[in-house]
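For reference, the structure discussed in these notes is given below.
All figures in this text were calculated on a predicted structure; none of them were measured in a lab. Within every chain, numbering begins at 1; the chains are lettered A, B, ... in the order of the sequence lines, protein sequences first and strands thereafter.
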Number of protein chains: 2
Amino acid sequence: MTVPDISDYLPHIAFDSVIFGFSKGQLKILLMEYHATGWYALPGGFVGVKEGLNQAVERGLKERTGLENIYLEQFYTFGDFNRHGAEVMKRILEANGYAVNESYWLLDRFISVAYYALIDVEKVTLQPDSLSDSIGWYPIDALPQLIFDHQQIVTKALDTLRYHLDRKLIGGKLLPEKFTMNDLQRVYEAILGEKLRRTSFQRKLLGLDILKRHEKHFTGKSHKAPYLYSFK
Amino acid sequence: MTVPDISDYLPHIAFDSVIFGFSKGQLKILLMEYHATGWYALPGGFVGVKEGLNQAVERGLKERTGLENIYLEQFYTFGDFNRHGAEVMKRILEANGYAVNESYWLLDRFISVAYYALIDVEKVTLQPDSLSDSIGWYPIDALPQLIFDHQQIVTKALDTLRYHLDRKLIGGKLLPEKFTMNDLQRVYEAILGEKLRRTSFQRKLLGLDILKRHEKHFTGKSHKAPYLYSFK
DNA sequence: CCAAAAGTGTTTATTCTACACCCATGG
DNA sequence: CCATGGGTGTAGAATAAACACTTTTGG
C-alpha cells in the first residue's frame, strides 16, 4: 500500500477546521476518529501547491460535509515547534496499514492555520477521510481527548466565536434559513454557556434590525404561535 | 556573491510585521526600502526549521528594532496563490547583485503569517536587513506604494488595531512608561482617525481603573500642570 | 489678573434591565 | 376558560455624553 504523496502539497503547512453545529440544544463540533487507534482529531488538510489557502479549507470542508459557501473564519495560526507529534502520526499511519520511514513528510513539523465554520447540521452529509473510520458530532462540553494541540485549537475557536457573536451577528448561521426567536436564543445560550433573559434577548435582537419576520409557526402546542425569522 | 540559503528555514512560509509607532502626533509604521529599486515592503522573515513561529517573529523584530518583550499580536495569515510576485522579488535580488535562477526559493509562492507590534519609537535603534538600504517610519496615511499585498496587510493590521483598542487596552504601548492624558488621547485619535472629547476621554479612561497617577509634569507653560500616568 | 489647559461636578440623554401585562393557541 | 409560551409596554437603573465650572500655572 502506498502512502499519500506530498508532491502536490506545500510541505510543513496544514489547516485545521473547527466546524460548529447546533442540535438538541447543544453546541457541537465535528471530529474524526482514526482507525484502530481510538484517537480523535479535528478535520484538516493540506494546501495544494497551486491552491489558495482559503480555497484549500473550503475544499476540505466540502469533502467532509458536502457543503459549499458556508460561514468560515480564520482565527489563528499555530506554529510552535513542539506542536506536532511524529510518534502519534506514525501510529495512525501504521494502523492504516502504511509502512512509513522516519523521513516521511507527514511526520514532519507542521504550521497549521486554524479556521472555524458555522453550519446547519441538517444540511451535512458526513464523509470520513481515508485515515479515519468515522466522523461525527461531539458536544463541545464533552469532547474526547484530542491529538496534538487540537484541544487548544478548539478552545481558541470557541473564544473567538464568543468574541464575534455580538459583533458579526453570526448566531443564525447554525440554524436553518427560518427559525423562531426561541431557537436563536438557545443557540446563543449554548455558545455563551449561560442562560439569557427571554424578553431582553428578543428586544436586543429585534433592535439590531437584522431580522426579517415571516409567518407564524404553528406547532400544535397550546400556546401562542411564534413568528419565524430569517436574517436580512 | 552567494544567495541566501533556504536549508535553515521552512519553505513557502514567511511572516510580515506591521510595526506601529507614534511620533509628532502621527501613527506610523516601519518600512524597508530595497536597494536600487525604490520599492517598499514590510519587515518580515522566515521561520527556522527548529524555531517556533512566534519566536521567529520576535527574533525578526529584535533584529530590526533592537527591542525585546514588546507587544505583538498575530492577526491574519495571507495565503492566496497569487499574493507573491516572483518578478518583483527577482528584481530586488538582482539589484542587490545576486544572480538567481527561476527555481530559487525566494521566488516561490509564500504563505505569510502577519503580526502587528506596538512600540515606543524612542526606544528603537533601526537596523536594515541585507537586501535593504534603509528602514524608517512612514505615517500611516501617507505610505509609499508597497510590494505584493503588503498594503492589504497594513489595512487589515490597522482594522485589527482599532478593533482591539478598547478591548485590550493597548493604547499606551505606543508611549513611554509615563505619559499625560493628553498624550494618550492623541494616540487614540491617531489610531481611530477622529477627534475625541477631552473630558469624556479622561473620564472613560480613569473609569477603566487601569491607570496609575503619578506626579505632575511641569512643562513651563502657563497653565495647570497635567498629571503623569502609567498603566497598572 | 489673564489666558490656556487640566481636572471634576452636574445635568441630560441614552441605553439596558426587570417586571408586568396582554395575546394567541389547543385542550 | 385554563395553562402555556410568545410579544410588547413601561418604569427604574445604569451608563454615557454634553456642558459648565473650578483649579493651576507662568507671564
**Message:** Can you confirm whether the side chains of A/Asn54 and A/Tyr115 place a donor and an acceptor under 3.5 Å from each other?
**Reply:** yes

**Complete:** In whole angstroms, the gap separating P of C/dG7 from CG of B/Leu211 amounts to 11 Å

**Request:** On the 0 to 90° scale, with breaks at 30° and 60°, tag the B/Phe201-B/Tyr188 ring pair as parallel, tilted or perpendicular.
**Result:** perpendicular

**Item:** Whether A/Arg64 side chain and A/Gln127 backbone form a donor-acceptor pair below 3.5 Å
**Value:** yes

**Request:** Evaluate ring-ring contact (aromatic ring centres under 6.0 Å, His included) for A/Phe179 paired with A/Phe231, printing each intermediate quantity in order.
**Result:** CA-CA 10 Å; A/Phe179 48 83; A/Phe231 280 84; 5.5 Å; yes

**Asked** Is there side-chain contact between A/Glu215 and A/Leu228, with at least one heavy-atom pair below 4.5 Å?
**Response** yes

**Prompt:** Within this structure, what is the NZ-to-P distance between B/Lys216 and C/dG7, rounded to whole angstrom?
**Reply:** 8 Å

**Message:** Are B/Gln26 and B/Asp141 packed together at the side-chain level, in the sense that at least one heavy-atom pair is separated by less than 4.5 angstrom?
**Reply:** yes

**Request:** Could you check how far CE of A/Met181 sits from P of C/dC23, rounded to whole Å?
**Result:** 20 Å

**Request:** Would you kindly give the CG-to-C1' distance between B/Leu184 and C/dG7, to the nearest whole Å?
**Result:** 16 Å

**Message:** Name the residue from B/Phe78, B/Phe46, B/Phe148 that meets the ring pair (Phe, Tyr, Trp, His ring centres under 6.0 Å) definition with B/Phe110.
**Reply:** B/Phe46

**Prompt:** Among residues 186-204 of chain A, which contact DNA chain C at a heavy-atom distance under 4.0 Å?
**Reply:** A/Arg197, A/Thr199, A/Arg203

**Prompt:** Please give, in whole Å, the distance from C/dG27 P to A/Lys221 NZ?
**Reply:** 11 Å

**Prompt:** Under 30°, 30 to 60°, or over 60°: which ring-plane class applies to A/Tyr40 and A/Tyr138, parallel, tilted or perpendicular?
**Reply:** perpendicular

**Fill in**
Rounded to whole Å, the CG-P distance (B/Asn182 to C/dA4) equals 16 Å

**Request:** Let me know, please, whether A/Gly220 or B/His223 comes out on the 5' side of the other along DNA chain C by nearest nucleotide.
**Result:** B/His223

**Fill in**
Counted 5' to 3', the first and last nucleotides of DNA chain D within 4.0 Å (strictly under) of a heavy-atom of chain B are D/dA18 to D/dG26

